[in-house]
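Data first, discussion second: the structure below is written as structure tokens.
Both counts, for ligands and for their atoms, begin at 1 and track the order of listing.
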Amino acid sequence: MSATRLAIIGAGAAGCFCAANIAENTREFDITIFESSDKPMHKLSLTGGGRCNITNTFDTVGALNHVYPRGANLLKKLFYNFDHNALQEWFLAHGVTLFAQDDGRVFPTSQNALQIVDTLYNALIAKGVTIKTNHRLSSLQTNAEGKFILSFDEKPPQTFDIVVVATGGTSPAFLDIFKKLGIETIEPVPSLFTFTIKDPDLNALMGATVDDASCSIAGTKFTSEGSVLVTHWGMSGPAILKLSSYAARYLKENKYTSNLIVNWLNTNEEDARNIVFSFQSRYPQKTVLSVRPDGITNRMWLYITNKCGIDGAKRWSEVSKKNLNRLVSILISDTYKIQGRGHYKEEFVTSGGISLNAVSSKSLESKAVKNLYFVGEVLDIDAVTGGFNLQSAWTTAYTAAMSIVNNQNKSN
Ligand SMILES: Cc1cc2nc3c(=O)[nH]c(=O)nc-3n(C[C@H](O)[C@H](O)[C@H](O)COP(=O)(O)OP(=O)(O)OC[C@H]3O[C@@H](n4cnc5c(N)ncnc54)[C@H](O)[C@@H]3O)c2cc1C
């Protein structure tokens, strides 16, 4: 009997990991990975600035929805199949050691993303998986026998028994292929970006950071905490990136023109008031610039006090109550108009894709089309930075792989 023909669309992290786990667990499949570009795993080689932030220890993660704005519930279940510890064991068994930074980010000890790429590539080649580059899936149809007819641009169509789609963050046009099959899709929108704010006084502060700030989008519940970095085009830093991820869809719908509220002290009004008014009572003879809240640098303090119309050379005793109130207000709710979306080191992810309602939460097989699976970023799952996006790719890929292997074992 001829082997079952299995196609994986996309030679990224998820597609290659899925293929490797199928091929290492059964010989029943003739597996081909189709990749549109001329290089398998090219993006993986660039991850983590070339170091590959492969996963996270999850030690500092309170709840999964803090790091996965979309997909947390599904991943909670799937981590029982394959979590960051299982990933560590998998790579160790393939000769790769990993190490964790204090902030929870996990990297290969070699600090080289190419080691991860080579390890996956070698695992695929060792098990006879075929990789066809320059093959862009342009159409997918099913025939009367339930087999898949795949077309790759001008090339002759090919027939497969099982298809795994691992094409990453993708376009609405590509998602239409699946929409036509009755599969629910969600409009893809970018996530993980910086905010463009054209404010010459702010932009002049380029490089200034406040480590413990909080940010929110005015009129919404979207809020995040962490470090804020002022850039020459606006604002960046972990708190801003997280907020862009939480509010990705809202910001897109509002054409990236919402108001950003920064709480430079990450505290409430009462505490901020106590801090500011205590400066006046405790240091009446000192100048405003010489006494500032913890965590606010000299440059930042000069900017904030100027913004409140307070002359920093004046003594605290000379500052009017009105200006003290204004200072409290700016410290906890400094408002800026977002005027667009900027880049974060070239790293970005896509929110949206194949709806999680459209796939089985056990196997990631389409509910509408048998033997069609979706893994990785093509699913409506995305995360904040820290290795969480790749972990989602590994976990979903492994889940589908094991489901395919187990189904085959059952049918034998
Ligand atoms: C510069 C950068 C750095 C990043 N760094 C990190 C990091 O350190 N840690 C982390 O967790 N996340 C990181 N991310 C996010 C992470 O890389 C992705 O979430 C992850 O790669 C998703 O894996 P995937 O296999 O689903 O998709 P991808 O890696 O995007 O792979 C999809 C593959 O499918 C191919 N493809 C697309 N359409 C078709 C088609 N029609 N036919 C055939 N092939 C197709 C693509 O060419 C691609 O090779 C980074 C992202 C970027 C852009």
Discussion item. Going by side chain to side chain contact (heavy atoms under 4.5 Å, CB included), name the residues that satisfy it together with Ala218, two or more places apart in sequence or in a different chain.
Written reply: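 Residues passing side chain to side chain contact (heavy atoms under 4.5 Å, CB included) with Ala218: Asn259, Ile261.
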Worksheet item: Considering Ala393, Gly48, Ala14, which one's heavy-atom position lies nearest to atom 25 (O) of ligand 1?
Response: Ala14
Worksheet item: If hydrogens are left out, which of Asp38, Thr167, Leu192, Val384 has an atom nearest to atom 37 (C) of ligand 1, that is, the closest non-hydrogen atom?
Response: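 Considering heavy atoms of Asp38, Thr167, Leu192, Val384, the nearest to atom 37 (C) of ligand 1 sits in Thr167.
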Atoms in ligand 1 flagged as close to [X], the criterion being non-hydrogen separation under 4.0 Å:
X	result
Phe388	11 (O)
Gly376	26 (O)
Gly12	25 (O), 29 (O), 31 (O), 33 (C)
Gly387	9 (N), 10 (C), 11 (O)
Ala166	32 (C), 33 (C), 34 (O)
Ile9	42 (N), 43 (C)

Is the closest N or O pair between [X] and ligand 1 shorter than 3.5 Å?
X	result
Asn53	yes
Leu390	yes
Gln391	no
Gly169	no
Glu377	yes

Worksheet item: Is the distance between the ring centroids of Phe174 and Phe178 less than 6.0 Å?
Response: yes
Item to complete: Taking the six-membered ring for Trp and the single ring otherwise, decide whether the centroids of Tyr283 and Trp316 are under 6.0 Å apart.
Response: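 No, they do not, as the ring centres are separated by 6.0 Å or more.
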Answer side chain, backbone, both or neither: which part of [X] comes under 4.0 Å from ligand 1, heavy atoms only.
X	value
Phe34	backbone
Ala383	neither
Arg136	both
Val349	side chain
Leu137	both
Arg51	neither

Discussion item. Is His135 close enough to touch ligand 1? Criterion: a residue heavy atom under 4.0 Å from a ligand atom.
Written reply: yes
Looking only at side chains, do [X] and [Y] share a donor and an acceptor under 3.5 Å apart?
X	Y	value
Glu270	Asn268	no
Thr170	Thr167	no
Arg70	Asn65	no
Thr287	Ser290	yes
Trp233	Asn203	no
Glu24	His94	yes

Practice prompt. Would you indicate whether Lys337, at its atom NZ, is surrounded by more than 12 heavy atoms from other residues, nucleotides or ligands within a distance under 6.0 Å?
Written response: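 Correct, the count exceeds 12.
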Worksheet item: Salt bridge or not for Asp161 and Arg5, using N-O below 4.0 Å?
Response: no
Worksheet item: Within the side chain of Glu377, is there an N or O that forms a donor-acceptor pair under 3.5 Å with the backbone of Thr350?
Response: yes
